[in-house]
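The structure appears right after this line, and notes come after that.
In this text, all values refer to a predicted model and were calculated from it rather than measured experimentally.
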Amino acid sequence: MTALYLPSLVRIGGGALNELPAALKQAGLSAPFIITDGFMAKSGLLDRVQTLLAEADIQSGAFPDAVPDPTVTSVEAALAALKRGVYDCVIGLGGGSPIDTAKMVAVLAKHGGTPSHLKVPHVQDEAGLPIIAIPTTAGTGSEATRVTVITDEKTDEKMLCAGYAYLPHIAIVDYELTLTMPRRLTADTGIDALTHAMEAYVSKRASPFTDALALAAIKRIWHALPIACKDPSCREAREQVMQGAFEAGMAFSNASVALVHGMSRPIGAHFHVAHGLSNAMLLPEITAWSVTGAQSRYATCARVMGIVPSETEDGAACTALVAALRERNRELDVPSPSSYGLQESRWNDLLTLMAEQALASGSPANNPRVPSHTEIIDLYRKVWA
């Protein structure tokens with residue numbers, strides 16, 4: 001038996017943002033509170049959204065100060081702003097950070113408490129305010145997932161919070177909002193989405209439904225991402241990566257992520273490396289370590305990506321897959337932790353804690369090959385250089 005969790009209402013494609021008022025009315029919502037960041041406010045997108053709503057006689061409030069890798073403090077500030085008005089839903093506008101902030105605020109607005117009380121193993125299924133996700137990057141898949149990640153700045157822990165309550169009720173997936181993304185952000189978020197899809201496919205919790213979504217996403221993202229990075233204005237490539245990110249989000253929300261994400265979150269928490277970039281740093285070597293646990297599945301990935309012909313034997317396909325992931329990182333200028341400028345002594349000092357936090361997240365348990373604490377430390381050492 002497979003339980004599936006998907007957004008109730010989806011508008012996808014170029015110009016989908018214009019359907020926001022109609023989607024809200026379809027859902028019976030009329031008083032949205034928008035959470036976004038300073039860049040979205042300065043770029044004019046927040047004004048565009050509020051004008052679009054006002055023209056449909058929908059008045060909205062806004063909090064434009066969401067921060068990257070959202071913290072407990074930023075969530076509390078957004079929640080306080082929401083409570084100064086009367087709202088019936090929360091819109092997350094931007095990348096994964098504003099959307100994750102919106103998810104947590106929507107739950108706390110109704111149920112109270114703190115993010116630390118909601119981290120896994122707690123599962124928050126009882127819904128808060130309805131969530132509307134409008135992604136402006138093609139990567140996190142947060143518009144389709146029932147998870148949010150909030151950083152406890154006191155402990156430098158990225159807290160994974162999960163449950164049906166975090167699943168957006170409405171997803172507006174408009175690739176035109178990604179046309180101005182810079183190359184580095186395009187690459188990092190795109191590899192993040194590829195990681196979601198690959199981990200969903202090899203996860204121990206995969207199902208035929210998630211397999212179909214994951215493989216579709218893997219194929220789209222692998223072929224379109226380099227084009228989107230090289231030619232940011234290529235609408236076809238942007239559309240393919242955006243759709244792939246959405247498919248990957250639906251896949252991993254239902255099949256879960258695995259070891260790459262488990263190891264990635266502590267890097268982001270302790271060194272403030274963007275989530276997509278830390279995933280990209282890890283993906284080739286974690287794949288190389290994991291392939292023996294699900295050789296046929298990793299081989300299928302290689303075939304779908306066009307890295308090897310369909311008749312290639314599994315072992316050779318896996319070898320080619322790892323080589324191709326390493327080459328793609330070189331092509332997209334993905335740095336190692338060392339070349340990115342992280343402090344080696346601090347990295348080494350934190351290895352034990354980062355491994356503990358990776359295991360505590362639960363994600364490594366879904367990996368086809370489950371590591372011990374010592375093996376995670378060894379993997380952190382391997383990806384350093």
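Side-chain polar atoms of Ser142 and Asp100 form a donor-acceptor pair below 3.5 angstrom. For the residue pair Lys103/Thr145, the side-chain donor-acceptor check at 3.5 Å is satisfied. In this model, a donor atom of one side chain and an acceptor atom of the other lie less than 3.5 Å apart for Thr114 and His117. Side chain to side chain, Asp231 and Ser233 meet the donor-acceptor criterion of an N or O pair below 3.5 Å. Side-chain N/O atoms of Ser336 and Ser339 include a donor and acceptor closer than 3.5 Å. Side-chain N/O atoms of Thr151 and Glu153 include no donor and acceptor closer than 3.5 Å. Between the side chains of Ser203 and Asn366, no donor-acceptor pair is found at a separation under 3.5 Å. Under the 3.5 Å distance criterion, with hydrogens and angles disregarded, no donor-acceptor pair is assigned to the side chains of His272 and Asp69. For the residue pair Thr210/Asn254, the side-chain donor-acceptor check at 3.5 Å is not satisfied.
Put simply, the side chain of Glu199 gets close to the backbone of Leu259: a donor and an acceptor are under 3.5 Å apart. Side chain of Asn367 to main chain of Val370: no donor-acceptor pair is present (N/O by atom type, distance under 3.5 Å, no hydrogens or angles). A donor-acceptor contact shorter than 3.5 Å links the side chain of Arg146 to the backbone of Ser253. Side-chain N or O atoms of Thr36 include one that pairs as donor or acceptor with a backbone N or O of Leu93 at under 3.5 Å. Looking at Thr319, its side chain does come within 3.5 Å of a backbone N or O of Gly315 through a donor-acceptor pair.
There is no path of hydrophobic side-chain contacts, each under 4.5 Å, that joins Leu53 to Ile35. No chain of hydrophobic side-chain contacts below 4.5 Å, direct or via other Ile, Leu, Val, Met, Phe, Trp or Tyr residues, connects Trp222 to Phe252. Under the 4.5 Å side-chain heavy-atom criterion for grouping Ile, Leu, Val, Met, Phe, Trp and Tyr, Leu194 is connected to Leu321 within one hydrophobic cluster. Following chains of ILVMFWY side-chain contacts shorter than 4.5 Å, one can reach Leu359 starting from Trp289, so the two form part of one hydrophobic cluster. Residues Val383 and Val291 share a single hydrophobic cluster, defined by chaining ILVMFWY side chains whose heavy atoms lie under 4.5 Å apart.
A salt bridge does not link Glu126 to Lys110: none of the charged nitrogens lies less than 4.0 Å from a carboxylate oxygen. For the pair Glu176 and Arg238, the salt-bridge criterion is not met [side-chain N within less than 4.0 Å of a carboxylate O]. Looking at Lys382 and Asp378, no side-chain N of the basic residue comes within less than 4.0 Å of a carboxylate O on the acidic one, giving no salt bridge. Salt bridge annotation for Asp333-Arg183: present, with a cationic side-chain nitrogen under 4.0 angstrom from a carboxylate oxygen. The existence of a salt bridge linking Asp349 and Arg346 is excluded, since no basic side-chain nitrogen approaches an acidic carboxylate oxygen closer than 4.0 Å.
Summarising the local packing, CZ of Phe39 is surrounded by 12 or fewer heavy atoms from other residues, nucleotides or ligands at distances under 6.0 Å. Heavy atoms from other residues, nucleotides or ligands lying under 6.0 Å from CD of Glu236 number 12 at most. Within a 6.0 Å radius of NZ in Lys158, other residues, nucleotides and ligands contribute more than 12 heavy atoms. Atom NZ of Lys204 has more than 12 heavy atoms from other residues, nucleotides or ligands within 6.0 Å.
To the nearest 0.5 Å, atom OH of residue Tyr87 and atom OG of residue Ser30 are 12.0 Å apart. Interatomic distance, CE of Met242 versus CD1 of Ile12, reported as 8.0 Å (0.5 Å rounding). Interatomic distance, CG of Asp188 versus CE of Met281, reported as 8.5 Å (0.5 Å rounding). Atom-to-atom distance recorded for Ile172:CD1 and Ile91:CD1 is 8.5 Å, nearest 0.5 angstrom.
Note that Arg297 lies in the cation-pi zone of Tyr201, set by a 6.0 Å cut-off to the ring centre and a 45° limit from the axis.
Using cut-offs of 30° and 60° for the angle between ring planes, the Tyr380 and Trp347 rings count as perpendicular.
Arg330 is linked by a salt bridge (charged side-chain N to carboxylate O under 4.0 Å, His left out) to Glu327, counting only residues two or more places apart in sequence or in another chain.
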Would you please test Arg265 and Ser363 for side chain to side chain donor-acceptor pair (under 3.5 Å) and show each step? CA-CA 10 Å; Arg265 294 186 196 101; Ser363 298; 3.2 Å; yes
Check the pair Tyr298, Val322 against side-chain contact (heavy atoms from CB on, under 4.5 Å), reporting the backbone distance first and the verdict last. CA-CA 9 Å; Tyr298 282 109; Val322 172; over 6 Å; no
Go through it in stages, so that I can follow the logic: the residues are Lys119 and Glu157, the test is salt bridge (charged side-chain N to carboxylate O under 4.0 Å, His left out), and I'd like the CA-CA distance, side-chain angles, deciding distance and then a yes or no. CA-CA 11 Å; Lys119 68 180 181 180; Glu157 178 188 3; 3.1 Å; yes
For a side chain to side chain donor-acceptor pair (under 3.5 Å) check, start with the C-alpha distance between Glu375 and His373, then their side-chain angles and the critical distance, and finish with the verdict. CA-CA 5 Å; Glu375 286 171 323; His373 183 268; over 6 Å; no
